[in-house]
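Here the structure is laid out as structure tokens; the discussion comes afterwards.
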There are 2 protein chains.
Amino acid sequence: MTVRLSAPERRQQILDVALEVFGRSGYHGASMNDVAEAAGVTKPVLYQHFDSKRHLYEELIDDVGNRLLGAIAKATADAPDGKAQTERGYQAYFRWVAQDHDEFVLLFGGSMRRDDEFRDTLRRITDDAATAIAPLIAVDVDPEVQRVFAHALIGIAESASRHLVERGEQFDPDEVAHRIAGLAWAGLRSLG
Amino acid sequence: MTVRLSAPERRQQILDVALEVFGRSGYHGASMNDVAEAAGVTKPVLYQHFDSKRHLYEELIDDVGNRLLGAIAKATADAPDGKAQTERGYQAYFRWVAQDHDEFVLLFGGSMRRDDEFRDTLRRITDDAATAIAPLIAVDVDPEVQRVFAHALIGIAESASRHLVERGEQFDPDEVAHRIAGLAWAGLRSLG
DNA sequence: GTCATGGGCTACCCGATGGTAACGAGGTCG
DNA sequence: CGACCTCGTTACCATCGGGTAGCCCATGAC
């Protein structure tokens, strides 16, 4: 027997559950039935709250992406210099990863890159991050090259996180962030 | 009317065509009919040469992965020191990317990470690369941390490549490799 | 010419899955 | 009480896509 929930509660519960299901199996690997079952409910209920599988997924990644970008923006806002900005930015990123592996997997697990529409969303996120990072790079470098570097620095965080998440164990985000920021900052300084 | 090919020729042609089709649409996004059509042939022909969609895909990624790892191993084999090894390793990587975007997209486009079996294959490839990179990192660092750094350095190449490939334009792999290797090497030295 | 070999095709099966129509059941308010 | 509103269910449709059975026809050897 299913517990009856109010519409907003049910909607939020579906989002919570869907995050985990899609994180585990990916967009194509998880069916709407899977999501419904995990929510302890049947399929039509999902369609009372979301127009389609795509819409449900999009709402998820928008939420998660904004949470990530917001955390980084907030953390770096009042940093005194580039070095502190680098450190705090990575710190916010790795804390976000460590706090909820599902969110990381949802965004960077791969499903996002395999679909034109979702790819655009993910690109918007990484481009936003790259735009924030680019000013840290020596100003006399060609802007196009700056962007390549910026994406490289984002890739550092993504790959290190993937490695850590795949290992399954917990990790100390601040320690990782400190080490990675040291590597990135040294790399950046070498360009000047 | 279809051109008749001998079995080995047809098999190879299917592999060539499948690389492009899967690269464009991903494993789930491309159907066997799509592959067949692109090869100018019908579905049963594919199944005369490959047991299943999975097997076809696996053969592709094995080929491509081995090509990448082989190129890097060959390039770094006789490098005199760590710095040269770093530079030549990235050079081989970016040359591989620039030479055939499809191969890069196939491996790192995302499809690979969404499936337990394929994920293992991709992990084998990146772990091999990480094992090759780890010795370049200061020996007095904790081995687990070394691996995190190694994966971070791989991520640099992957993310920079993705950015370049998504932009669509050609790029000079040696120039990119030189710059990225500079960044990575400066980062590595800072750890000592 | 004819006949065997083998490469290719048409037509089909069937399971999975996104999505929907129509129907309960239980609380609430006049 | 009875009308109604809302949350949920059962049962279904339609399509897609992996995979297969069985047939056809081009080619080359003799």
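Chain letters run A, B, ... following the sequence lines, proteins first, then strands; residues in each count from 1. FYI, side chains are in, hydrogens and waters are out, and symmetry mates aren't considered; it's all heavy atoms of this structure.
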- Note on the structure: The complete set of salt bridge (charged side-chain N to carboxylate O under 4.0 Å, His left out) pairs with one or both residues in residues 83-93 of chain B, sequence neighbours excluded, reads B:Asp78-B:Arg88
- Task: Apply side-chain hydrogen bond (donor to acceptor under 3.5 Å, both in side chains) to A:Glu103 and list each qualifying residue two or more places apart in sequence or on a separate chain.
- Result: A:Arg67, A:Trp96
- Task: Output the residues of residues 42-56 of chain A in contact with DNA chain D, where contact means a heavy atom of the residue under 4.0 Å from an atom of the strand; sort by number or write none.
- Result: A:Thr42, A:Pro44, A:Val45, A:Gln48
- Task: Determine whether any donor atom in the side chain of B:Arg4 lies under 3.5 Å from an acceptor atom in the base of D:dT27, or the reverse, and answer yes or no.
- Result: no
- Query: Looking at residues at least two apart in the chain, or sitting in another chain, which of them share a side-chain hydrogen bond (donor to acceptor under 3.5 Å, both in side chains) with B:Asp127?
  - Reply: B:His151
- Results of ring-ring contact (aromatic ring centres under 6.0 Å, His included) for A:Phe104 - residues two or more places apart only: A:Phe108
- Send over the distance from A:Glu37 CD to D:dT10 P, rounded to a whole Å. 12 Å
- Message: Which heavy atom of B:Leu183 sits nearest to which heavy atom of A:Ser190, and what is that distance?
- Response: CA-OG, 4.3 Å
- Query: Rounded to the nearest Å, what distance is computed from the CD atom of residue B:Gln13 to the P atom of nucleotide C:dG7?
  - Reply: 14 Å
- Can you run down the salt bridge (charged side-chain N to carboxylate O under 4.0 Å, His left out) pairs that involve residues 13-32 of chain B, sequence neighbours left out, and say none if there aren't any? B:Glu20-B:Arg24
- Task: Return the value, rounded to whole Å, for the distance between atom OH of A:Tyr57 and atom C1' of C:dG19.
- Result: 20 Å
- Message: Tell me every residue that passes salt bridge (Lys or Arg N to Asp or Glu O under 4.0 Å) with B:Arg124, counting only those two or more places apart in sequence or in another chain.
- Response: none
- Message: I need the residues from residues 14-34 of chain A with at least one non-hydrogen atom less than 4.0 Å from DNA chain D; give them sorted by number, or say none.
- Response: none
- Item | Results of side-chain contact (heavy atoms from CB on, under 4.5 Å) for B:Arg4 - residues two or more places apart only | none
